[in-house]
Amino acid sequence: MPDTSNMSQEELNVWSDINNPNNDADMDDWADAHNPNNDDYLGD
């Protein structure tokens, strides 16, 4: 389990979606959210 204390609210939302069995989100979405070359990037 990752340390969520340093996550932004947007990261927490993505993480929550990934861990929700009723949601299609997966680790690819997590990777997209942390890739500055992706439209889903959460940075600034």
Side-chain angles (χ1 to χ4, degrees):
M1 182 89 174
D3 179 9
T4 58
S5 63
N6 293 328
M7 289 185 186
S8 69
Q9 187 59 51
E10 290 174 303
E11 286 178 303
L12 289 171
N13 290 342
V14 172
W15 190 247
S16 176
D17 288 346
I18 291 169
N19 287 290
N20 181 345
N22 297 319
N23 197 301
D24 290 335
D26 57 22
M27 290 308 288
D28 287 340
D29 295 306
W30 182 257
D32 289 347
H34 292 88
N35 181 347
N37 296 319
N38 195 295
D39 290 340
D40 294 330
Y41 181 58
L42 296 178
D44 66 29

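Note that these values count all heavy atoms, side chains included, but never hydrogens, waters or copies made by symmetry.
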**Asked** Is any side-chain heavy atom of Val14 closer than 4.5 Å to a side-chain heavy atom of Leu42?
**Response** yes
Quick one: pull up [atom1] in [X] and [atom2] in [Y] and give me the separation to the nearest 0.5 Å.
X	Y	atom1	atom2	result
Asn38	Asp28	CG	CG	10.5 Å
Ile18	Trp30	CD1	CH2	6.5 Å
Asn22	Asp17	CG	CG	11.0 Å
Asp32	Asn37	CG	CG	11.0 Å

**Prompt:** Is the CG atom of Asp3 crowded by more than 12 outside heavy atoms at less than 6.0 Å?
**Reply:** yes
**Prompt:** Would a distance-only check, ignoring hydrogens and angles, find a side-chain to backbone donor-acceptor pair under 3.5 Å from Asn20 to Ser16?
**Reply:** no
**Asked** How close do Thr4 and Trp15 get, heavy atom to heavy atom, and via which atoms?
**Response** CG2-CD1, 4.5 Å
